[in-house]
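Computed over heavy atoms, backbone and side chain alike; hydrogens, waters and symmetry mates excluded.
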Amino acid sequence: MFRLTNQLGFNINRVALLFRRELIRALKEYDLSPEQWQVLASLWDRQILSQKDVAHITLQDAPSISRMIARMERNRFINVQPSSQDRRLKIISLSSKGAALKKTLPGLLKGHFDSLLKDFSKREQQQLLSL
């Protein structure tokens, strides 16, 4: 018999929605959306991103990305420059404010989600991640 609660896609989607809600709650005081957090975390690793990179990371469409980048620049989390090869392309890099968040934000989010994952052992968490 078909039961929605026995469907893998349904349950993965519900977990994603619940984790997104918690991420929004954890990032609220920093005025960051989950997608903006993804961009910052990616910039901490890669130093620069193109708009195409942002689209790949956040799975958003071009108009949403343009608005998000403008908002992040306005809030001084990033710097945006035209590409030297193609003026239509924008190169996104960290501002000092965005770089400074690397000292506090990952620890804050880890602590927030550790409390939600406390019933899973480290081994079980790693298993879920590999799956």
Side-chain angles (χ1 to χ4, degrees):
M1 173 177 22
F2 178 85
R3 287 210 171 138
L4 192 57
T5 55
N6 292 337
Q7 301 303 306
L8 184 60
F10 172 77
N11 285 295
I12 288 173
N13 184 54
R14 284 187 54 81
V15 169
L17 290 171
L18 291 170
F19 269 73
R20 180 177 171 74
R21 187 180 303 154
E22 287 301 321
L23 191 52
I24 289 168
R25 189 174 292 147
L27 293 170
K28 186 175 177 113
E29 74 176 270
Y30 293 91
D31 197 25
L32 286 167
S33 70
E35 293 77 18
Q36 291 172 335
W37 153 248
Q38 291 172 328
V39 170
L40 281 179
S42 296
L43 283 168
W44 294 334
D45 285 339
R46 295 178 53 189
Q47 305 305 313
I48 62 167
L49 296 171
S50 68
Q51 282 180 282
K52 187 176 180 178
D53 295 329
V54 173
H56 179 74
I57 292 163
T58 64
L59 304 176
Q60 291 187 317
D61 59 25
S64 298
I65 290 166
S66 294
R67 286 189 302 272
M68 179 183 63
I69 289 170
R71 200 167 32 254
M72 290 181 78
E73 184 178 29
R74 192 170 46 250
N75 290 338
R76 298 194 172 124
F77 293 121
I78 60 171
N79 299 312
V80 180
Q81 300 293 323
S83 166
S84 57
Q85 285 95 22
D86 185 344
R87 308 291 283 168
R88 296 171 296 176
L89 300 177
K90 294 180 182 175
I91 302 300
I92 299 138
S93 61
L94 280 171
S95 67
S96 56
K97 181 180 178 181
L101 287 174
K102 186 178 183 181
K103 294 175 187 151
T104 56
L105 215 42
L108 175 113
L109 292 176
K110 183 179 179 330
H112 185 86
F113 283 97
D114 278 351
S115 67
L116 297 172
L117 296 168
K118 68 182 182 295
D119 294 334
F120 292 95
S121 69
K122 293 292 180 198
R123 184 173 168 268
E124 289 170 324
Q125 289 180 38
Q126 192 56 47
Q127 244 180 334
L128 282 170
L129 188 58
S130 0
L131 289 171

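Within the 4.5 Å cutoff, the side chain of Val80 has no heavy atoms near those of the Ile91 side chain. Looking at heavy atoms from C-beta onward, Gln81 lies out of side-chain contact with Lys90 at the 4.5 angstrom threshold. Side-chain contact between Pro34 and Ile24 is present, with at least one heavy-atom pair separated by less than 4.5 Å.
Within the 3.5 Å criterion, the main-chain N or O of Phe2 finds no donor-acceptor partner in the side chain of Asn6. In this structure, Asn79 contributes its side chain and Ile92 its backbone to no donor-acceptor pair below 3.5 Å. Judged by distance alone, the side chain of Lys97 and the main-chain N or O of Asn75 form a donor-acceptor pair under 3.5 Å. A distance-only check finds a donor-acceptor pair linking the side chain of Gln36 to the backbone of Ser33 [under 3.5 Å]. Of the possible donor and acceptor atoms, one in the side chain of Gln125 sits under 3.5 Å from a partner among the backbone N and O of Phe120. Side chain of Ser64 to backbone of Gln60: no donor-acceptor contact under 3.5 angstrom is found. Not a single donor-acceptor pair under 3.5 Å links the side chain of Trp44 to the backbone N or O of Val39. Under a 3.5 Å cut-off, the side chain of Glu124 and the backbone N or O of Ser121 do form a donor-acceptor pair.
Cluster membership for Trp37 and Leu116, using ILVMFWY side-chain heavy atoms within less than 4.5 angstrom, is shared. Note: the hydrophobic cluster containing Leu117 also contains Leu27 (ILVMFWY, side chain heavy atoms under 4.5 Å, direct or indirect links).
Between Phe19 and Phe113, the angle of the ring planes stays under 30°, which puts this pair in the parallel group of the 30/60° scheme.
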Exercise for review: Apply side-chain hydrogen bond (donor to acceptor under 3.5 Å, both in side chains) to Ser83 and Asp86, showing your working.
Suggested key: CA-CA 5 Å; Ser83 166; Asp86 185 344; over 6 Å; no

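Taking CZ from Arg87 and CG from Leu89, the interatomic distance works out to 11.0 Å, rounded to the nearest 0.5 Å. Between atom NZ of residue Lys103 and atom CG of residue Leu108 there is a gap of 16.0 Å, rounded to the nearest 0.5 Å. Atoms OH and CZ, from Tyr30 and Phe77 in turn, are 10.0 Å apart once rounded to the nearest 0.5 Å. Put simply, CD1 on Ile78 and CD1 on Ile69 are 6.0 Å apart, with the number rounded to the nearest 0.5 Å. Here the straight-line distance linking atom CG of Asp61 with atom OG of Ser66 works out to 9.0 Å at 0.5 Å rounding. One distance of note links CD of Gln47 with CG of Leu94; it measures 6.5 Å at 0.5 Å rounding.
Other residues, nucleotides and ligands contribute only 12 or fewer heavy atoms inside 6.0 Å of the NZ atom of Lys52. Around atom NE2 of His56, no more than 12 heavy atoms belonging to other residues, nucleotides or ligands sit under 6.0 Å away.
Annotation: salt bridge (charged side-chain N to carboxylate O under 4.0 Å, His left out) contacts of Arg46 (sequence neighbours excluded): Asp53. Taking Phe10 as the reference, nothing meets the ring-ring contact (aromatic ring centres under 6.0 Å, His included) condition, with sequence neighbours excluded.
Of all the heavy atoms in Leu40 and Leu101, the pair that sits closest is CD1-CD1, 3.8 Å. Annotation for Ser95 and Arg76: closest pair OG-O, 2.5 Å, computed over non-hydrogen atoms.
At a threshold of 4.0 Å, the pair Glu35-Arg67 does not count as salt-bridged, since none of the basic side-chain nitrogens sits closer than that to a carboxylate oxygen.
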